[in-house]
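Notes for the one structure printed next.
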Amino acid sequence: MTRRLLIRDLTLRDGQQSAFATRMNQSQVDRVLPYYKEANFYAMEVWGGAVPDSVMRFLNENPWDRLEKIHHAVGNISKLTALSRGRNLYGYAPYPDEIIDGFFKNAVASGLDIMRIFDALNDVDNIRSSVECIKKYGGMADCAVCYTVDPKYDEEPLSENKKRGLFGLFSKKETVKPAYEPVFTDEYFVDKAKEMLALGADMITIKDMSGLIPPSRVARLVPLFKEQLNVPIDFHTHCTPGFGLGAVLAAIIHGVDIVDTVIWNFAGGPAAPAIELIYIFCRKLGIELDVNMEAVARINEELLGIRKELEAYDAVKQFPKPFNPLTDILPAEIDKEFDLAIEAAKSNDEAALLNACHAIEAYFHFPAPDEQVKDAEIPGGMYTNMVAQLKQFNSLDILPEAMKLIPSVRLDAGLPPLVTPTSQIVGAQAVASALNLKNGRPKYANPSNQFVSLVKGEYGRTPVPVDPEFRLKIAGTREETPYDTSTYKRQDNPVLEESGGIPLAKDEKELLLLELFPSVAANFLKGQRRKEWEAKQGGTVIPQAQETVDSQAEHTHTEDSKGYYVRCPMPGNILQIIVKEGDRVERGENILVLEAMKMENDIISEVSGTVRHVFVKKGDMVMEGTPLVEIA
């Protein structure tokens with residue numbers, strides 16, 4: 001009997017999020033949907049992740065409309081899937097069950113079939129409510145085990161916790177020699193999957209969000225998951241460090257049920273491998289894909305034009321060589337590399353497998369492996385966020401020091417996996433700590449709000465316990481303090497007098513947007529109500545995007561040499577302004593909170609002085625380089 005491999009296409013969510021900052025608008029999505037109806041993918045990931053936030057923030061579109069329009073166009077040909085972060089869904093706070101229930105009720109009603117649910121700490125309790133709710137409304141629970149690695153401490157000076165021999169894992173030598181038991185073993189991942197299965201998982205995903213899992217590890221994990229779990233196993237990875245294509249082939253060779261791929265012109269680099277390459281491997285292996293590759297080719301033709309339209313957001317700006325596996329003949333030497341890769345995967349020869357896969361990717365002009373991300377063993381998004389933060393302070397020279405601090409910061413915080421939001425929390429704290437040490441301050445002089453919450457226990461149970469003395473130092477208590485949703489306060493839904501006296505959110509779906517994305521959704525919904533009111537009055541409709549530009553224009557001013565200008569380090573949204581004009585601030589003091597890259601970023605002053613001007617207000621969307629505060 002011919003073996004059949006299922007394909008989850010990531011192009012419209014993870015693919016465009018990884019490569020083009022989630023800037024694909026609805027009209028661009030609409031251009032490919034007729035062909036997706038013919039493609040017959042097992043599943044299409046089209047929602048969740050950064051999509052709901054980004055389509056409101058940057059595209060002035062309704063995220064519920066995105067899901068519903070795709071469902072209407074594709075119907076039941078492919079299962080529609082999304083990604084969510086357990087009890088946090090898409091926000092920072094742990095949400096009460098009533099919010100989670102309402103979210104899943106509306107998601108399934110809007111066309112969602114499968115929710116991939118993960119927790120940044122692999123704390124299975126954090127996904128319990130989401131699993132129950134998606135199944136309650138007839139959807140499928142795809143529970144994801146987040147793959148991560150034990151940090152390298154070889155050249156990292158011991159923190160005070162490590163010097164005390166924290167939990168017996170470390171010696172008391174001044175430099176750590178990894179004489180300790182690894183935490184993230186094969187058994188760790190299998191046990192987490194078993195816990196998820198016990199909750200009612202309909203499938204399990206090995207989720208390698210950083211592309212760090214080498215083929216040899218895949219060759220061990222996939223058989224263990226297949227042997228010990230009686231549900232379909234999906235494998236998800238990225239190509240950034242250079243393992244992606246080889247890792248997916250290893251997963252296929254060792255019996256995985258589903259693999260995640262992206263269509264050619266959006267594939268490779270920071271995204272997942274191309275389905276066209278997987279198709280060639282499967283054809284050689286005699287494995288049936290049951291995907292209409294002619295329809296895939298038509299989608300890819302449209303994606304080429306769309307990618308050119310998204311040039312400003314292109315993360316790699318490197319187009320792959322045009323290729324259609326149904327019509328183009330491979331050169332003999334490249335065809336041989338596919339055979340060599342298969343032979344190497346079957347014999348578990350990782351070096352030969354990677355060499356063959358890199359030769360294939362190089363021939364087709366996919367991005368080369370990112371050695372910095374590979375060596376650092378951190379997600380690419382975490383790395384770029386750290387770079388952006390250091391640019392704010394003209395301190396890119398200390399990036400190596402910040403990178404070296406990641407292992408100790410991560411251990412101090414309980415060794416969390418590096419996935420959103422913990423990857424950004426650890427990365428931001430490593431940057432802050434490097435700046436502190438550079439300027440003669442204690443390492444944890446200004447811990448971020450998220451780092452405090454992580455250490456305190458409000459994100460859930462960490463893989464290893466946090467040292468109570470460290471928790472006291474950071475969070476003011478020795479006791480682990482879990483989140484308490486009983487104190488959760490719903491977002492306000494004010495009446496907009498300027499738009500005819502109607503509520504900001506007009507139905508349950510819009511109320512949920514306010515809960516999950518308070519500032520972004522409030523800006524978006526105000527624009528929607530304003531357009532509706534003006535249309536009713538017969539007036540000119542002012543697009544929301546223009547409203548944002550006008551808001552930015554209010555901050556235009558002529559700079560002089562009297563003050564120090566704190567500038568926005570990356571595009572984002574002003575969540576909180578801590579200072580006001582006339583306030584005295586000290587160097588290193590927080591002055592406002594910027595929400596960017598799925599993280600709340602404390603913006604600090606690098607000078608002492610008096611606040612002369614505050615150029616922004618809460619809720620403003622600001623671009624990189626925008627002056628925020630002047631300090632004289």
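Counting only N and O atoms by type, the side chains of R587 and N439 include a donor and acceptor under 3.5 Å apart. Side-chain contact check for T237 and K207: no donor-acceptor pair (N or O, by modelled atom type) lies under 3.5 Å. In this structure, a donor-acceptor pair under 3.5 Å is present between the side chains of Y488 and E515. Side chains of R87 and S130: a donor-acceptor N/O pair is absent below 3.5 angstrom, by distance only. Using modelled atom types and a 3.5 Å distance limit, the side chains of T240 and K374 yield no donor-acceptor pair.
In plain terms, the two heavy atoms of S18 and H238 that are nearest each other are OG-CE1, 3.4 Å. Of all heavy-atom pairs spanning F184 and R217, the tightest one is O-NH2, 2.8 Å.
A distance of 8.5 Å separates CG in L418 from CG in L212, rounded to the nearest 0.5 Å. Expressed to the nearest 0.5 Å, how far CZ of R128 lies from SG of C143 amounts to 11.0 Å. Note that the CD atom of E377 and the CG atom of D150 stand 9.5 Å from one another [nearest 0.5 Å].
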Report, one line per pair, each donor and acceptor closer than 3.5 Å where one atom sits in a side chain of residues 474-482; sequence neighbours left out.
residue: T477; atom: OG1; partner: E479; partner atom: N; Å: 3.1
residue: R478; atom: NE; partner: E469; partner atom: OE2; Å: 2.8
residue: T481; atom: OG1; partner: E479; partner atom: O; Å: 3.3

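The six-membered or imidazole ring of F517 lies away from that of F524, with a centre-to-centre distance of 6.0 Å or more. In summary, the aromatic rings of Y459 and Y483 are positioned with their centroids too far apart to meet the 6.0 Å limit. Checked against a 6.0 Å centroid threshold, the rings of Y444 and F470 count as neighbours.
K136 is listed as a side-chain neighbour of D101, based on a closest heavy-atom distance under 4.5 Å.
Between the side chain of N88 and the backbone N or O of Y90, no donor-acceptor pair lies under 3.5 Å. Between the D119 side chain and the L121 main chain, a donor and an acceptor come within less than 3.5 Å of each other.
A salt bridge links R8 and D142; the closest N-O separation between the charged side-chain nitrogens and carboxylate oxygens is under 4.0 Å.
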